[in-house]
2 protein chains.
Amino acid sequence: MWGVMRSFAHITPWIVNKDMSQASVQSQTRADEAFDCLQTAIVKGELAPGERIGEVELCARFDLTRGPLREALGRLESRGLLVRRPHAGVKVVSVSADELVELYRIRELMEGLAARQAAERMTDEEIADLQATLDSHEAMINQAHGQAYYQEEGDYDFHHRIATGSRNAKLAQMLLGDLYYMVRMYRYRLSTSVGRPHKALNEHRRIVEAIAQRDGELAEFLMKRHISAARRNVEKNIADGLMSF
Amino acid sequence: MWGVMRSFAHITPWIVNKDMSQASVQSQTRADEAFDCLQTAIVKGELAPGERIGEVELCARFDLTRGPLREALGRLESRGLLVRRPHAGVKVVSVSADELVELYRIRELMEGLAARQAAERMTDEEIADLQATLDSHEAMINQAHGQAYYQEEGDYDFHHRIATGSRNAKLAQMLLGDLYYMVRMYRYRLSTSVGRPHKALNEHRRIVEAIAQRDGELAEFLMKRHISAARRNVEKNIADGLMSF
DNA sequence: ACACCCCACATTGTCAACAATCCACGACAA
DNA sequence: TTGTCGTGGATTGTTGACAATGTGGGGTGT
(Lines give C-alpha, C1' and ligand atoms only; values in the text may rest on other atoms or scores of the structure.)
Protein backbone atom coordinates (compact mmCIF):
# COMPACT_ATOMS: atom_id res chain seq x y z
CA MET A 1 0.00 0.00 0.00
CA TRP A 2 0.89 3.63 -0.36
CA GLY A 3 3.13 2.89 -3.27
CA VAL A 4 4.21 5.59 -5.65
CA MET A 5 2.71 3.94 -8.69
CA ARG A 6 -0.03 6.51 -8.90
CA SER A 7 2.56 9.21 -9.20
CA PHE A 8 3.58 7.66 -12.47
CA ALA A 9 0.16 6.64 -13.66
CA HIS A 10 -0.51 10.04 -15.15
CA ILE A 11 2.83 10.57 -16.79
CA THR A 12 2.82 7.56 -19.06
CA PRO A 13 -0.09 8.10 -21.43
CA TRP A 14 1.97 7.28 -24.48
CA ILE A 15 2.84 3.77 -23.47
CA VAL A 16 0.75 1.25 -25.37
CA ASN A 17 -1.05 -0.68 -22.68
CA LYS A 18 -3.04 -3.81 -23.21
CA ASP A 19 -6.37 -2.07 -23.06
CA MET A 20 -6.34 1.47 -24.31
CA SER A 21 -9.57 0.98 -26.24
CA GLN A 22 -11.37 3.21 -23.79
CA ALA A 23 -10.71 6.88 -24.34
CA SER A 24 -7.62 6.99 -22.17
CA VAL A 25 -7.48 4.87 -19.04
CA GLN A 26 -10.24 5.86 -16.63
CA SER A 27 -8.35 8.05 -14.21
CA GLN A 28 -9.29 7.39 -10.66
CA THR A 29 -10.41 10.92 -10.01
CA ARG A 30 -11.75 13.74 -12.14
CA ALA A 31 -8.84 15.96 -11.32
CA ASP A 32 -6.47 13.34 -12.70
CA GLU A 33 -8.62 13.12 -15.77
CA ALA A 34 -8.50 16.89 -16.21
CA PHE A 35 -4.76 16.80 -15.69
CA ASP A 36 -4.29 14.18 -18.40
CA CYS A 37 -6.60 15.93 -20.84
CA LEU A 38 -4.92 19.27 -20.39
CA GLN A 39 -1.44 17.86 -20.55
CA THR A 40 -2.05 15.97 -23.76
CA ALA A 41 -3.89 18.95 -25.21
CA ILE A 42 -0.92 21.16 -24.47
CA VAL A 43 1.59 18.65 -25.77
CA LYS A 44 -0.36 18.04 -28.96
CA GLY A 45 -0.60 21.74 -29.60
CA GLU A 46 -4.37 21.91 -29.36
CA LEU A 47 -3.77 24.68 -26.87
CA ALA A 48 -1.35 27.03 -28.57
CA PRO A 49 1.60 28.31 -26.53
CA GLY A 50 1.09 31.84 -25.30
CA GLU A 51 -2.64 31.62 -25.75
CA ARG A 52 -4.68 32.79 -22.81
CA ILE A 53 -7.50 30.43 -21.90
CA GLY A 54 -10.36 30.90 -19.49
CA GLU A 55 -11.35 28.38 -16.89
CA VAL A 56 -14.98 28.18 -17.94
CA GLU A 57 -13.94 27.58 -21.52
CA LEU A 58 -11.79 24.67 -20.41
CA CYS A 59 -14.62 23.34 -18.28
CA ALA A 60 -16.93 23.29 -21.26
CA ARG A 61 -14.26 21.76 -23.44
CA PHE A 62 -13.46 18.83 -21.19
CA ASP A 63 -16.85 18.60 -19.46
CA LEU A 64 -15.80 19.13 -15.88
CA THR A 65 -16.41 21.58 -13.12
CA ARG A 66 -14.04 24.22 -11.94
CA GLY A 67 -12.99 22.47 -8.76
CA PRO A 68 -11.06 19.58 -10.25
CA LEU A 69 -9.97 21.81 -13.10
CA ARG A 70 -8.29 24.25 -10.76
CA GLU A 71 -6.49 21.44 -9.03
CA ALA A 72 -5.23 20.20 -12.37
CA LEU A 73 -4.17 23.72 -13.34
CA GLY A 74 -2.22 23.99 -10.11
CA ARG A 75 -0.34 20.82 -10.89
CA LEU A 76 0.41 21.89 -14.43
CA GLU A 77 1.65 25.26 -13.23
CA SER A 78 3.89 23.59 -10.68
CA ARG A 79 5.20 21.43 -13.48
CA GLY A 80 6.01 24.42 -15.66
CA LEU A 81 3.58 23.82 -18.51
CA LEU A 82 1.33 26.73 -17.59
CA VAL A 83 1.83 30.26 -16.40
CA ARG A 84 -0.77 31.58 -14.05
CA ARG A 85 -1.35 35.07 -12.76
CA PRO A 86 -3.81 35.72 -9.93
CA HIS A 87 -7.16 36.99 -11.17
CA ALA A 88 -5.80 37.25 -14.68
CA GLY A 89 -6.09 33.76 -16.05
CA VAL A 90 -3.81 31.08 -17.29
CA LYS A 91 -1.83 30.72 -20.47
CA VAL A 92 0.24 27.97 -21.97
CA VAL A 93 3.93 28.45 -21.42
CA SER A 94 5.91 29.58 -24.42
CA VAL A 95 9.47 28.37 -24.55
CA SER A 96 12.00 30.31 -26.55
CA ALA A 97 14.45 28.67 -28.92
CA ASP A 98 17.28 29.17 -26.46
CA GLU A 99 15.31 27.59 -23.66
CA LEU A 100 14.53 24.59 -25.86
CA VAL A 101 18.23 24.08 -26.48
CA GLU A 102 18.90 24.37 -22.76
CA LEU A 103 16.35 21.63 -22.23
CA TYR A 104 18.41 19.34 -24.38
CA ARG A 105 21.54 20.22 -22.41
CA ILE A 106 19.80 19.10 -19.24
CA ARG A 107 18.53 15.95 -20.89
CA GLU A 108 22.06 15.15 -22.00
CA LEU A 109 23.26 14.95 -18.43
CA MET A 110 20.26 13.30 -16.87
CA GLU A 111 19.70 10.68 -19.54
CA GLY A 112 23.39 9.92 -19.49
CA LEU A 113 23.12 9.17 -15.78
CA ALA A 114 19.94 7.19 -16.42
CA ALA A 115 21.69 5.06 -19.04
CA ARG A 116 24.61 4.39 -16.73
CA GLN A 117 22.40 3.36 -13.85
CA ALA A 118 20.15 1.36 -16.17
CA ALA A 119 23.20 -0.60 -17.28
CA GLU A 120 23.91 -1.39 -13.66
CA ARG A 121 20.38 -2.09 -12.49
CA MET A 122 18.03 -3.28 -15.22
CA THR A 123 17.06 -6.92 -15.05
CA ASP A 124 18.02 -9.27 -17.86
CA GLU A 125 14.36 -9.59 -18.68
CA GLU A 126 13.92 -5.85 -19.04
CA ILE A 127 16.91 -5.69 -21.34
CA ALA A 128 15.53 -8.48 -23.50
CA ASP A 129 12.20 -6.66 -23.62
CA LEU A 130 13.97 -3.50 -24.66
CA GLN A 131 15.77 -5.25 -27.48
CA ALA A 132 12.49 -6.75 -28.67
CA THR A 133 10.97 -3.30 -28.57
CA LEU A 134 13.71 -1.97 -30.81
CA ASP A 135 12.94 -4.73 -33.31
CA SER A 136 9.32 -3.65 -33.47
CA HIS A 137 10.43 -0.06 -33.81
CA GLU A 138 12.51 -1.02 -36.79
CA ALA A 139 9.57 -2.79 -38.36
CA MET A 140 7.45 0.32 -37.83
CA ILE A 141 10.04 2.54 -39.44
CA ASN A 142 10.36 0.28 -42.45
CA GLN A 143 6.68 0.60 -43.12
CA ALA A 144 6.24 3.79 -45.06
CA HIS A 145 2.89 4.84 -43.67
CA GLY A 146 2.80 6.86 -40.51
CA GLN A 147 6.54 6.69 -40.33
CA ALA A 148 7.19 9.90 -38.48
CA TYR A 149 4.48 9.38 -35.92
CA TYR A 150 5.50 5.86 -34.99
CA GLN A 151 9.14 6.83 -34.93
CA GLU A 152 8.26 9.44 -32.35
CA GLU A 153 6.34 6.91 -30.30
CA GLY A 154 9.18 4.44 -30.46
CA ASP A 155 11.69 7.08 -29.46
CA TYR A 156 9.72 8.05 -26.40
CA ASP A 157 9.13 4.43 -25.52
CA PHE A 158 12.87 3.79 -25.60
CA HIS A 159 13.79 6.74 -23.43
CA HIS A 160 10.95 5.96 -21.08
CA ARG A 161 12.26 2.46 -20.46
CA ILE A 162 15.78 3.69 -19.83
CA ALA A 163 14.52 6.25 -17.33
CA THR A 164 12.48 3.76 -15.36
CA GLY A 165 15.23 1.16 -15.67
CA SER A 166 17.61 3.47 -13.83
CA ARG A 167 15.73 2.66 -10.62
CA ASN A 168 16.32 6.28 -9.66
CA ALA A 169 12.90 7.53 -8.63
CA LYS A 170 13.64 11.24 -8.70
CA LEU A 171 15.55 11.02 -11.95
CA ALA A 172 12.69 9.17 -13.61
CA GLN A 173 10.19 11.62 -12.20
CA MET A 174 12.08 14.59 -13.57
CA LEU A 175 12.62 13.06 -16.98
CA LEU A 176 9.15 11.60 -17.44
CA GLY A 177 7.25 14.25 -15.60
CA ASP A 178 8.95 17.44 -16.68
CA LEU A 179 11.42 17.29 -19.51
CA TYR A 180 9.78 14.85 -21.90
CA TYR A 181 6.53 16.76 -22.02
CA MET A 182 8.36 19.97 -22.79
CA VAL A 183 10.39 18.42 -25.55
CA ARG A 184 7.43 16.56 -26.92
CA MET A 185 5.39 19.72 -27.03
CA TYR A 186 7.86 21.34 -29.39
CA ARG A 187 8.61 18.26 -31.40
CA TYR A 188 5.00 18.04 -32.50
CA ARG A 189 5.61 21.08 -34.60
CA LEU A 190 8.26 19.51 -36.80
CA SER A 191 7.15 15.91 -36.69
CA THR A 192 7.65 15.45 -40.41
CA SER A 193 10.91 17.30 -40.79
CA VAL A 194 12.70 15.93 -37.77
CA GLY A 195 13.24 12.48 -39.16
CA ARG A 196 16.54 10.89 -38.81
CA PRO A 197 14.85 7.63 -37.88
CA HIS A 198 17.38 5.06 -38.99
CA LYS A 199 20.28 6.95 -37.51
CA ALA A 200 18.48 7.32 -34.20
CA LEU A 201 17.51 3.65 -34.17
CA ASN A 202 21.12 2.70 -34.71
CA GLU A 203 22.18 4.83 -31.78
CA HIS A 204 19.47 3.22 -29.69
CA ARG A 205 20.76 -0.23 -30.60
CA ARG A 206 24.29 0.60 -29.59
CA ILE A 207 23.11 2.01 -26.26
CA VAL A 208 21.16 -1.15 -25.54
CA GLU A 209 24.18 -3.23 -26.47
CA ALA A 210 26.24 -1.34 -23.91
CA ILE A 211 23.52 -1.86 -21.31
CA ALA A 212 23.35 -5.56 -22.12
CA GLN A 213 27.07 -5.80 -21.55
CA ARG A 214 26.60 -3.95 -18.24
CA ASP A 215 29.02 -1.30 -19.46
CA GLY A 216 27.64 1.74 -17.64
CA GLU A 217 30.32 4.16 -18.73
CA LEU A 218 29.85 3.33 -22.39
CA ALA A 219 26.08 3.52 -22.11
CA GLU A 220 26.38 6.94 -20.53
CA PHE A 221 28.75 8.14 -23.24
CA LEU A 222 26.59 6.85 -26.07
CA MET A 223 23.42 8.28 -24.58
CA LYS A 224 24.99 11.69 -24.10
CA ARG A 225 26.17 11.64 -27.71
CA HIS A 226 22.71 10.55 -28.83
CA ILE A 227 21.00 13.46 -27.08
CA SER A 228 23.72 15.79 -28.22
CA ALA A 229 23.09 14.80 -31.84
CA ALA A 230 19.36 15.39 -31.33
CA ARG A 231 20.16 18.80 -29.89
CA ARG A 232 22.30 19.75 -32.87
CA ASN A 233 19.48 18.61 -35.13
CA VAL A 234 17.10 20.92 -33.32
CA GLU A 235 19.60 23.77 -33.50
CA LYS A 236 19.87 23.26 -37.22
CA ASN A 237 16.10 23.29 -37.61
CA ILE A 238 15.93 26.49 -35.64
CA ALA A 239 18.66 28.08 -37.72
CA ASP A 240 16.87 27.05 -40.90
CA GLY A 241 13.73 28.71 -39.63
CA LEU A 242 11.77 25.49 -39.61
CA MET A 243 10.43 26.30 -36.16
CA SER A 244 8.32 29.28 -35.38
CA PHE A 245 8.88 31.18 -32.19
CA MET B 1 3.70 41.27 -18.06
CA TRP B 2 3.14 37.53 -17.77
CA GLY B 3 6.65 37.06 -16.50
CA VAL B 4 7.70 33.97 -14.66
CA MET B 5 8.63 35.80 -11.49
CA ARG B 6 5.65 34.42 -9.63
CA SER B 7 6.85 30.95 -10.39
CA PHE B 8 9.89 31.67 -8.32
CA ALA B 9 8.23 33.73 -5.63
CA HIS B 10 7.22 30.68 -3.66
CA ILE B 11 10.45 28.77 -3.95
CA THR B 12 12.74 31.28 -2.30
CA PRO B 13 11.50 31.52 1.29
CA TRP B 14 14.97 31.17 2.74
CA ILE B 15 16.41 34.24 1.15
CA VAL B 16 16.66 37.06 3.65
CA ASN B 17 14.67 39.84 2.10
CA LYS B 18 14.54 43.40 3.27
CA ASP B 19 11.17 43.09 4.93
CA MET B 20 10.41 39.67 6.29
CA SER B 21 9.00 41.09 9.49
CA GLN B 22 5.55 40.02 8.46
CA ALA B 23 4.90 36.34 8.97
CA SER B 24 6.18 35.36 5.55
CA VAL B 25 5.53 37.60 2.59
CA GLN B 26 1.80 37.97 1.96
CA SER B 27 1.25 35.54 -0.86
CA GLN B 28 -1.03 36.86 -3.49
CA THR B 29 -3.55 34.09 -3.09
CA ARG B 30 -4.61 31.77 -0.29
CA ALA B 31 -3.56 28.70 -2.25
CA ASP B 32 -0.04 30.11 -2.55
CA GLU B 33 -0.06 30.78 1.16
CA ALA B 34 -1.15 27.22 1.86
CA PHE B 35 1.54 25.97 -0.49
CA ASP B 36 4.23 27.94 1.32
CA CYS B 37 3.03 26.92 4.76
CA LEU B 38 2.86 23.25 3.88
CA GLN B 39 6.18 23.26 2.10
CA THR B 40 8.04 24.89 4.96
CA ALA B 41 6.23 22.66 7.45
CA ILE B 42 7.33 19.59 5.55
CA VAL B 43 10.87 20.84 5.12
CA LYS B 44 11.22 21.77 8.76
CA GLY B 45 9.98 18.38 9.82
CA GLU B 46 6.86 19.66 11.55
CA LEU B 47 5.02 17.14 9.42
CA ALA B 48 6.88 13.89 9.90
CA PRO B 49 7.64 11.85 6.78
CA GLY B 50 5.36 8.90 6.36
CA GLU B 51 2.74 10.41 8.63
CA ARG B 52 -0.78 10.41 7.27
CA ILE B 53 -2.53 13.73 7.70
CA GLY B 54 -6.14 14.64 7.12
CA GLU B 55 -7.28 17.62 5.13
CA VAL B 56 -9.48 19.03 7.85
CA GLU B 57 -6.63 18.82 10.33
CA LEU B 58 -4.45 20.81 7.97
CA CYS B 59 -7.23 23.33 7.44
CA ALA B 60 -7.50 23.93 11.16
CA ARG B 61 -3.74 24.11 11.51
CA PHE B 62 -3.17 26.75 8.86
CA ASP B 63 -6.58 28.41 9.07
CA LEU B 64 -7.73 27.83 5.51
CA THR B 65 -10.60 26.14 3.77
CA ARG B 66 -10.34 22.94 1.84
CA GLY B 67 -10.50 24.49 -1.62
CA PRO B 68 -7.18 26.30 -1.65
CA LEU B 69 -5.69 23.57 0.50
CA ARG B 70 -6.50 20.92 -2.08
CA GLU B 71 -4.93 23.03 -4.79
CA ALA B 72 -1.78 23.34 -2.71
CA LEU B 73 -1.79 19.62 -2.04
CA GLY B 74 -2.01 18.98 -5.75
CA ARG B 75 1.03 21.15 -6.39
CA LEU B 76 3.01 19.49 -3.63
CA GLU B 77 2.10 16.06 -4.93
CA SER B 78 3.17 17.03 -8.42
CA ARG B 79 6.44 18.22 -6.92
CA GLY B 80 7.05 14.95 -5.16
CA LEU B 81 6.81 16.09 -1.55
CA LEU B 82 3.50 14.35 -0.88
CA VAL B 83 1.96 11.03 -1.77
CA ARG B 84 -1.75 11.03 -2.32
CA ARG B 85 -4.18 8.18 -2.78
CA PRO B 86 -7.77 8.80 -3.86
CA HIS B 87 -10.22 8.72 -0.97
CA ALA B 88 -7.47 7.59 1.36
CA GLY B 89 -5.67 10.77 2.30
CA VAL B 90 -2.27 12.25 1.93
CA LYS B 91 1.02 11.53 3.62
CA VAL B 92 4.40 13.15 3.55
CA VAL B 93 6.82 11.40 1.26
CA SER B 94 9.45 9.31 2.95
CA VAL B 95 12.72 9.08 1.11
CA SER B 96 14.95 6.13 1.74
CA ALA B 97 18.67 6.45 2.35
CA ASP B 98 19.42 5.18 -1.13
CA GLU B 99 17.08 7.69 -2.71
CA LEU B 100 18.71 10.51 -0.76
CA VAL B 101 22.08 9.52 -2.17
CA GLU B 102 20.59 9.39 -5.65
CA LEU B 103 19.39 12.92 -5.10
CA TYR B 104 22.95 14.02 -4.57
CA ARG B 105 24.03 12.21 -7.75
CA ILE B 106 21.49 14.25 -9.69
CA ARG B 107 22.56 17.45 -7.98
CA GLU B 108 26.15 16.71 -8.91
CA LEU B 109 25.34 16.84 -12.60
CA MET B 110 22.86 19.66 -12.58
CA GLU B 111 24.78 21.99 -10.31
CA GLY B 112 27.90 21.29 -12.32
CA LEU B 113 26.08 22.49 -15.42
CA ALA B 114 24.72 25.44 -13.49
CA ALA B 115 28.19 26.45 -12.38
CA ARG B 116 29.56 26.20 -15.91
CA GLN B 117 26.76 28.29 -17.35
CA ALA B 118 26.98 30.73 -14.46
CA ALA B 119 30.65 31.25 -15.29
CA GLU B 120 29.65 32.11 -18.83
CA ARG B 121 26.61 34.21 -18.10
CA MET B 122 26.65 35.89 -14.70
CA THR B 123 27.21 39.62 -14.77
CA ASP B 124 30.28 41.13 -13.12
CA GLU B 125 27.97 42.73 -10.60
CA GLU B 126 26.39 39.42 -9.66
CA ILE B 127 29.80 37.87 -9.19
CA ALA B 128 30.91 40.73 -6.96
CA ASP B 129 27.72 40.31 -4.97
CA LEU B 130 28.39 36.63 -4.63
CA GLN B 131 31.89 37.25 -3.34
CA ALA B 132 30.56 39.75 -0.82
CA THR B 133 28.00 37.18 0.26
CA LEU B 134 30.75 34.67 0.92
CA ASP B 135 32.47 37.22 3.13
CA SER B 136 29.37 37.61 5.24
CA HIS B 137 29.01 33.84 5.36
CA GLU B 138 32.52 33.62 6.73
CA ALA B 139 31.70 36.21 9.37
CA MET B 140 28.63 34.20 10.36
CA ILE B 141 30.57 31.00 10.65
CA ASN B 142 33.23 32.62 12.81
CA GLN B 143 30.59 33.66 15.28
CA ALA B 144 30.03 30.70 17.53
CA HIS B 145 26.33 31.16 18.17
CA GLY B 146 23.89 29.65 15.75
CA GLN B 147 26.76 28.42 13.68
CA ALA B 148 25.05 25.43 12.12
CA TYR B 149 21.87 27.27 11.25
CA TYR B 150 23.57 30.18 9.57
CA GLN B 151 25.98 27.89 7.77
CA GLU B 152 22.99 26.13 6.30
CA GLU B 153 21.42 29.39 5.25
CA GLY B 154 24.63 30.55 3.67
CA ASP B 155 25.04 27.28 1.83
CA TYR B 156 21.58 27.48 0.32
CA ASP B 157 22.07 31.12 -0.54
CA PHE B 158 25.23 30.27 -2.44
CA HIS B 159 23.71 27.45 -4.43
CA HIS B 160 20.62 29.51 -5.07
CA ARG B 161 22.66 32.28 -6.66
CA ILE B 162 24.58 29.87 -8.85
CA ALA B 163 21.36 28.28 -10.06
CA THR B 164 19.74 31.56 -10.98
CA GLY B 165 23.00 32.85 -12.40
CA SER B 166 23.02 30.03 -14.93
CA ARG B 167 20.23 31.83 -16.82
CA ASN B 168 18.82 28.40 -17.52
CA ALA B 169 15.19 28.65 -16.51
CA LYS B 170 14.36 24.97 -16.41
CA LEU B 171 17.58 24.10 -14.64
CA ALA B 172 16.93 26.70 -11.97
CA GLN B 173 13.35 25.57 -11.63
CA MET B 174 14.36 21.96 -11.10
CA LEU B 175 17.11 22.79 -8.63
CA LEU B 176 15.23 25.40 -6.64
CA GLY B 177 11.80 23.89 -6.95
CA ASP B 178 12.45 20.21 -6.54
CA LEU B 179 15.85 19.08 -5.39
CA TYR B 180 16.73 21.68 -2.79
CA TYR B 181 13.55 21.13 -0.82
CA MET B 182 14.13 17.41 -0.75
CA VAL B 183 17.71 17.78 0.40
CA ARG B 184 16.80 20.45 2.87
CA MET B 185 14.09 18.30 4.37
CA TYR B 186 16.59 15.63 5.28
CA ARG B 187 19.35 17.94 6.29
CA TYR B 188 17.19 19.41 9.02
CA ARG B 189 17.57 16.15 10.86
CA LEU B 190 21.31 16.38 11.21
CA SER B 191 21.73 20.11 11.28
CA THR B 192 24.21 19.99 14.13
CA SER B 193 26.23 17.02 13.01
CA VAL B 194 26.61 17.90 9.36
CA GLY B 195 29.07 20.68 9.93
CA ARG B 196 32.04 20.91 7.77
CA PRO B 197 31.56 24.66 7.47
CA HIS B 198 35.05 25.93 6.83
CA LYS B 199 35.81 23.25 4.31
CA ALA B 200 32.60 23.97 2.45
CA LEU B 201 33.23 27.70 2.50
CA ASN B 202 36.67 27.14 1.03
CA GLU B 203 35.18 25.10 -1.78
CA HIS B 204 32.62 27.83 -2.38
CA ARG B 205 35.40 30.39 -2.64
CA ARG B 206 37.30 28.40 -5.21
CA ILE B 207 34.16 27.92 -7.28
CA VAL B 208 33.49 31.64 -7.26
CA GLU B 209 37.10 32.30 -8.24
CA ALA B 210 36.66 30.06 -11.26
CA ILE B 211 33.44 31.84 -12.15
CA ALA B 212 35.12 35.23 -11.79
CA GLN B 213 37.81 34.08 -14.20
CA ARG B 214 35.06 32.91 -16.57
CA ASP B 215 36.51 29.42 -16.46
CA GLY B 216 33.38 27.38 -16.98
CA GLU B 217 35.07 24.01 -17.14
CA LEU B 218 36.88 24.56 -13.88
CA ALA B 219 33.76 25.85 -12.17
CA GLU B 220 31.87 22.76 -13.29
CA PHE B 221 34.62 20.47 -12.05
CA LEU B 222 34.88 22.17 -8.69
CA MET B 223 31.14 22.22 -8.19
CA LYS B 224 30.82 18.55 -9.01
CA ARG B 225 33.56 17.77 -6.55
CA HIS B 226 31.89 19.95 -3.95
CA ILE B 227 28.56 18.13 -4.24
CA SER B 228 30.35 14.82 -4.38
CA ALA B 229 32.07 15.58 -1.09
CA ALA B 230 28.73 16.52 0.44
CA ARG B 231 27.30 13.24 -0.81
CA ARG B 232 30.11 11.25 0.75
CA ASN B 233 29.53 13.13 3.99
CA VAL B 234 25.89 12.10 3.90
CA GLU B 235 26.81 8.52 3.11
CA LYS B 236 29.11 8.48 6.11
CA ASN B 237 26.39 9.85 8.35
CA ILE B 238 24.01 7.19 7.10
CA ALA B 239 26.58 4.45 7.68
CA ASP B 240 27.22 5.76 11.19
CA GLY B 241 23.51 5.56 11.89
CA LEU B 242 23.21 9.28 12.51
CA MET B 243 20.14 9.43 10.31
CA SER B 244 16.96 7.56 11.06
CA PHE B 245 15.06 5.95 8.23
C1' DA C 1 -8.18 -18.66 18.74
C1' DC C 2 -7.91 -17.11 14.16
C1' DA C 3 -9.54 -15.60 9.78
C1' DC C 4 -12.97 -13.62 7.04
C1' DC C 5 -16.95 -10.70 5.98
C1' DC C 6 -20.03 -6.91 6.45
C1' DC C 7 -21.45 -2.36 7.73
C1' DA C 8 -21.31 2.34 9.87
C1' DC C 9 -18.38 6.12 10.07
C1' DA C 10 -15.04 9.24 8.86
C1' DT C 11 -12.67 11.25 5.17
C1' DT C 12 -12.10 12.64 0.54
C1' DG C 13 -13.92 14.11 -4.13
C1' DT C 14 -17.23 17.13 -6.35
C1' DC C 15 -20.47 20.71 -7.09
C1' DA C 16 -22.76 25.25 -7.44
C1' DA C 17 -23.24 29.85 -5.43
C1' DC C 18 -20.78 34.07 -3.48
C1' DA C 19 -17.06 37.52 -3.05
C1' DA C 20 -12.78 39.74 -4.66
C1' DT C 21 -10.00 41.34 -8.30
C1' DC C 22 -8.40 42.73 -12.83
C1' DC C 23 -9.06 44.65 -17.49
C1' DA C 24 -11.00 46.80 -21.32
C1' DC C 25 -13.71 50.38 -22.80
C1' DG C 26 -15.20 54.95 -22.79
C1' DA C 27 -15.33 59.72 -20.99
C1' DC C 28 -12.74 63.69 -20.03
C1' DA C 29 -8.97 67.01 -19.92
C1' DA C 30 -4.62 68.77 -21.76
C1' DT D 1 -5.08 63.60 -30.83
C1' DT D 2 -3.31 61.59 -26.80
C1' DG D 3 -2.84 60.45 -22.17
C1' DT D 4 -5.18 59.54 -17.81
C1' DC D 5 -8.81 58.24 -14.85
C1' DG D 6 -12.99 55.81 -13.55
C1' DT D 7 -16.37 52.40 -13.93
C1' DG D 8 -18.96 48.06 -15.75
C1' DG D 9 -18.41 43.58 -16.89
C1' DA D 10 -16.22 39.38 -16.94
C1' DT D 11 -13.17 36.22 -14.81
C1' DT D 12 -10.93 34.23 -11.04
C1' DG D 13 -10.54 32.98 -5.95
C1' DT D 14 -13.11 31.18 -2.11
C1' DT D 15 -16.65 29.04 0.54
C1' DG D 16 -19.80 25.62 2.45
C1' DA D 17 -22.84 21.80 1.50
C1' DC D 18 -23.53 17.22 -0.87
C1' DA D 19 -22.10 12.66 -2.87
C1' DA D 20 -18.76 8.86 -3.29
C1' DT D 21 -15.39 5.87 -1.40
C1' DG D 22 -11.84 3.69 1.72
C1' DT D 23 -11.07 2.05 6.47
C1' DG D 24 -11.55 0.05 10.89
C1' DG D 25 -14.28 -2.38 14.19
C1' DG D 26 -17.54 -5.79 15.48
C1' DG D 27 -19.55 -10.06 14.55
C1' DT D 28 -19.69 -14.75 12.86
C1' DG D 29 -18.09 -19.16 11.23
C1' DT D 30 -14.56 -22.65 11.30
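Residue numbering restarts at 1 for every chain, and letters A, B, ... go by the order of the sequence lines.
- Using a 4.0 Å cut-off between a side-chain N of Lys or Arg and a carboxylate O of Asp or Glu, A:R184 and A:D155 do not qualify as a salt bridge.
- Rounded to a whole Å, the CZ atom of B:R30 is 9 Å from the C1' atom of D:dT14.
- Counting non-hydrogen atoms under 4.0 angstrom, A:G67 reaches nothing in the nucleic acid.
- Atom CD in A:E55 sits about 14 Å away from atom P in C:dC15, given to the nearest Å.
- Remark: the backbone N or O of B:A88 is paired with a side-chain donor or acceptor of B:R52 at under 3.5 angstrom.
- Note that CG of A:L109 is 11.5 Å distant from CD1 of B:I106, once rounded to the nearest 0.5 Å.
- Which of C:dT14, C:dC22, D:dT14 sits closest to the side chain of B:R70 comes down to C:dT14.
- Here B:R85 does not reach the OP1 or OP2 of C:dT11: none of its side-chain N or O atoms lies under 4.0 Å away.
- Between A:L73 atom CG and D:dG13 atom P the separation is 9 Å, expressed in whole Å.
- Between A:K170 and B:E102, no side-chain nitrogen of the basic residue sits less than 4.0 Å from a carboxylate oxygen of the acidic one, so the salt-bridge criterion is not met.
- Side-chain proximity of A:T65 to the nucleotides C:dT12, D:dG13, C:dA16 is greatest for C:dA16.
- Per the geometry, CG belonging to B:L58 stands 13 Å off P belonging to C:dG13, to the nearest Å.
- Rounded to whole Å, atom C1' of C:dG13 lies 15 Å from atom CG of A:L69.
- Closest contact between the side chain of A:R52 and the listed nucleotides C:dT12, D:dT12, C:dT14 involves D:dT12.
- The interatomic distance linking B:Q28 (CD) with D:dT11 (C1') rounds to 16 Å, in whole Å.
- Per the geometry, CD belonging to A:E71 stands 9 Å off C1' belonging to C:dG13, to the nearest Å.
- OP1 or OP2 of D:dT14 has at least one side-chain nitrogen or oxygen of B:T29 nearer than 4.0 Å.
- Protein atom NE2 of A:H87 is 11 Å distant from nucleotide atom P of C:dA20, rounded to whole Å.
- Salt-bridge formation is not detected for the pair B:E126/B:R161: no Lys NZ or Arg NE/NH1/NH2 atom is positioned less than 4.0 Å from an Asp or Glu carboxylate oxygen.
- Distance from the side chain of A:P86 is smallest for D:dG13 among the nucleotides D:dG13, C:dC22, D:dA17.
- At a cut-off of 3.5 angstrom, the base of C:dG13 holds no donor-acceptor pair with the side chain of B:R84.
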